[in-house]
Amino acid sequence: MNDRQSLIRIRKALFSDMLFQFKQGFYFIYLLISFIYLLILGQLPFDFADIALPIIVFSDPSVLGLFFIGGILMLEKDQGIIQTLSVTPLKTKEYLISKLISLCLISVLAVLLITALSDIGSVNYLFLIVGVILTSVFFTLIGIMITTKSRHLNAFFVKMIPWMIILVLPCVLLVFFPKEWFLSVYPSIASLKLVYGAYHGISFAEASLSVTVLIISNLFLFKKAIIMFEKHMIYGGL
Amino acid sequence: MINVRNLQFSYPKSSKEAIKDLSFSIAKGEVFGFLGPSGAGKTTTQRLIIGLLRGYGGSIEIMGKERSMWDYNFYEKIGVAFDFPNLYKKLTARENLKLIGSYYRSAPKDIEGLLVRVGLEGERNKKVEDYSKGMKMRLNFIRAIMHDPDILFFDEPTSGLDPVNAKIIKDIIVELKNNGKTIFLTTHHMDVAEQLCDRVAFINEGLISAIDRPKNLMVQYGKPMVTVEFEKFGEVQSEKLPLENLKDNPIFEDILRNHRILTIHSQEATLEEVFILLNGRALI
């Protein structure tokens, strides 16, 4: 009974989130950015586009996802929505799951659109979708945690920079050590490996390691995000 | 319905106790007013009862269970209207009510009726960002009551409303009380408290200085006098007379017999005066 009620509330929250994101213009921005990506890719020679596409696809749920979750939560906080929802039966866990699903959906759709409209060879769509979902969840959770410690959107952007450096910069290591499996224990590298592998091939063992690392990281971050969200955004934090 | 005993609370990183030692009970169907100036501890107490602040000392028993033992089902049974309207700005009034109402097991059935009741029927499809403060407050109010909760928490429910709309909200509060709802009302507006509350508690610096019916407080701390305004030789004059044995007072008798009485007022204190008397400071 409780699980059923919980699923119903998540479904309702997802509908609210999508309507909110649509009305606040997030989907329009996403569409615009996807269009710009396609224009850039169309201008690149095939050899470059072949490498640029996975990187763009990786940046979509990661960098963009981080920006978006910051913007969404700050808008909800400013409008008092978080305070209102905190006195409804919607649990923090359900609220955050809905945010994760809404941003996953938008990332997967954007990535599929960009991939479908790009002139690229064979793509492993299973790895691509799994990679984008796990990456989106990972970066959204990081974004939620940063937001809980930020009073305003500007503070969020300032606090986001070191996180971007910590998470994205090590991905450069893949250029020098493309075959080193142990790099996959670093979640953002695991993400990039999965997404890149979807276009250029990845062994099952390596994909499994990346997926495992991301699932464990996401579960840990999810628990942490709930605690931080409740502490800073609900209990005494408003 | 609500039983608070020796409640204490300090905010993290603060050495000062926001709530020092509060005890009070609220019966089912009662409108209980919590009055005090800004920073007195009204909102903190309300947030502790609602469950938006944790780590209190003492006890908050609500609907037969300690507050800290309640799970999220608690929110099915209460409705909260904060002092500031918290709504989706880019969505319409109907969308706001439908989305937020959808989280409750007993989803609101008569959103249209509620909109009509607070005079927002013509604006139901307008974005909330285009609403005035008063319109947002009215929408915020019906958002809190739409799922038919047993206990309602209103923080300054008439703030920003003109007298006509304030009366509509006050009438709904009386109606809710008549339907057996328990209402916890925090305000620093004495007239609202006087008109609506069965009992009021004065809170100042985290302590309650008095709890009683508004009328009792006003009489207890008032002067046992009556002021009579009357017309004498074409001029308006007034006399202050002791209430005791008024009927035998020769001055009163003379006024009654020989002059046209304009007004007669007993000299009970206002709630504001009682508050100042008990706490040594004004409410605002």
Side-chain angles (χ1 to χ4, degrees), chain A residues 1-29 71-98 102 226-227 229-238, chain B residues 9-14 18 43-44 46-56 70-92 95-107 127-129 136 139-140 143-144 146-147 149 152-153 155:
Chain A
M1 178 67 181
N2 277 342
D3 286 349
R4 201 176 142 259
Q5 285 297 331
S6 189
L7 281 175
I8 291 171
R9 285 195 295 266
I10 292 172
R11 192 161 50 84
K12 304 281 187 190
L14 186 59
F15 179 69
S16 297
D17 279 336
M18 291 171 80
L19 190 61
F20 176 81
Q21 288 162 24
F22 172 70
K23 296 253 178 164
Q24 290 288 156
F26 283 94
Y27 292 170
F28 174 73
I29 299 169
I72 289 165
L73 288 184
M74 281 300 168
L75 273 173
E76 286 198 352
K77 188 180 170 184
D78 287 349
Q79 293 179 20
I81 301 303
I82 294 173
Q83 192 175 42
T84 293
L85 295 181
S86 66
V87 292
T88 69
L90 184 72
K91 297 176 183 171
T92 307
K93 185 170 75 176
E94 297 159 356
Y95 170 83
L96 294 183
I97 287 174
S98 161
S102 69
I226 290 174
I227 293 167
F229 191 87
E230 290 195 335
K231 185 178 176 192
H232 300 292
M233 306 283 268
I234 300 178
Y235 301 121
L238 293 166
Chain B
F9 179 77
S10 297
Y11 283 97
K13 296 175 192 167
S14 167
T43 305
T44 302
Q46 183 179 289
R47 289 176 74 92
L48 283 165
I49 300 172
I50 293 168
L52 292 179
L53 287 173
R54 285 172 166 181
Y56 56 83
W70 274 100
D71 60 12
Y72 273 79
N73 279 323
F74 178 74
Y75 294 113
E76 297 276 2
K77 299 169 194 292
I78 70 157
V80 184
F82 297 105
D83 60 341
F84 192 79
N86 298 323
L87 301 152
Y88 290 104
K89 284 184 188 160
K90 293 276 181 195
L91 305 188
T92 66
E95 285 170 335
N96 263 283
L97 296 177
K98 282 202 160 185
L99 291 187
I100 296 165
S102 70
Y103 296 127
Y104 296 97
R105 238 176 265 159
S106 58
K127 281 183 187 170
V128 167
E129 66 183 353
K136 284 181 196 162
L139 183 58
N140 197 45
R143 181 192 55 67
M146 66 178 166
H147 57 288
L152 289 143
F153 295 85
D155 198 348

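Because the structure is a prediction, the values reported are computed rather than measured. Naming convention: chains lettered A, B, ... in sequence-line order (proteins, then strands); numbering from 1 in each chain.
Going from atom CD of A:Q79 over to atom CD of B:E129 covers 8.5 Å, rounded to the nearest 0.5 Å. The NZ atom of B:K89 sits 9.0 Å away from the CD atom of A:Q24 when rounded to the nearest 0.5 Å. Rounding to the nearest 0.5 Å places CD of A:Q21 at 14.5 Å from NZ of B:K90. In this structure, the separation between NE2 on B:H147 and OG1 on A:T88 is 9.0 Å, given to the nearest 0.5 Å. Atom CG of residue B:L52 and atom OH of residue A:Y235 lie 7.5 Å apart, to the nearest 0.5 angstrom.
In this structure, B:Y72 and A:T92 have side chains that are in contact, with non-hydrogen atoms separated by less than 4.5 Å. Contact check for B:E76 versus A:Q5: no side-chain heavy atoms found under the 4.5 Å cut-off.
For B:K98, the NZ atom counts as loosely surrounded, since its 6.0 Å shell holds 12 or fewer non-hydrogen atoms of other residues, nucleotides or ligands. For A:K23, the NZ atom counts as densely surrounded, since its 6.0 Å shell holds more than 12 non-hydrogen atoms of other residues, nucleotides or ligands.
Within the 4.5 angstrom heavy-atom criterion, only side-chain atoms of B:E95, from C-beta onward, approach chain A. For B:F82, the part lying near chain A is the side chain, with the backbone staying farther off; criterion is any non-hydrogen pair under 4.5 Å. Proximity to chain A is limited to the side chain of B:I50, based on heavy atoms less than 4.5 angstrom apart.
Counting heavy-atom pairs closer than 4.5 Å to chain A, the top residue among B:N140, B:T44, B:L91, B:N73 is B:L91. Across B:F84, B:Y88, B:F74, the residue that shares the most heavy-atom pairs under 4.5 angstrom with chain A is B:Y88. Per-residue counts of heavy-atom pairs under 4.5 Å with chain A were compared for B:D71, B:I100, B:V128, B:L87; the largest is that of B:L87.
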For A:F15 and B:S102, run side chain to side chain contact (heavy atoms under 4.5 Å, CB included): C-alpha distance rounded to whole Å, both residues' side-chain angles, the deciding distance at 0.1 Å, then the answer. CA-CA 10 Å; A:F15 179 69; B:S102 70; over 6 Å; no
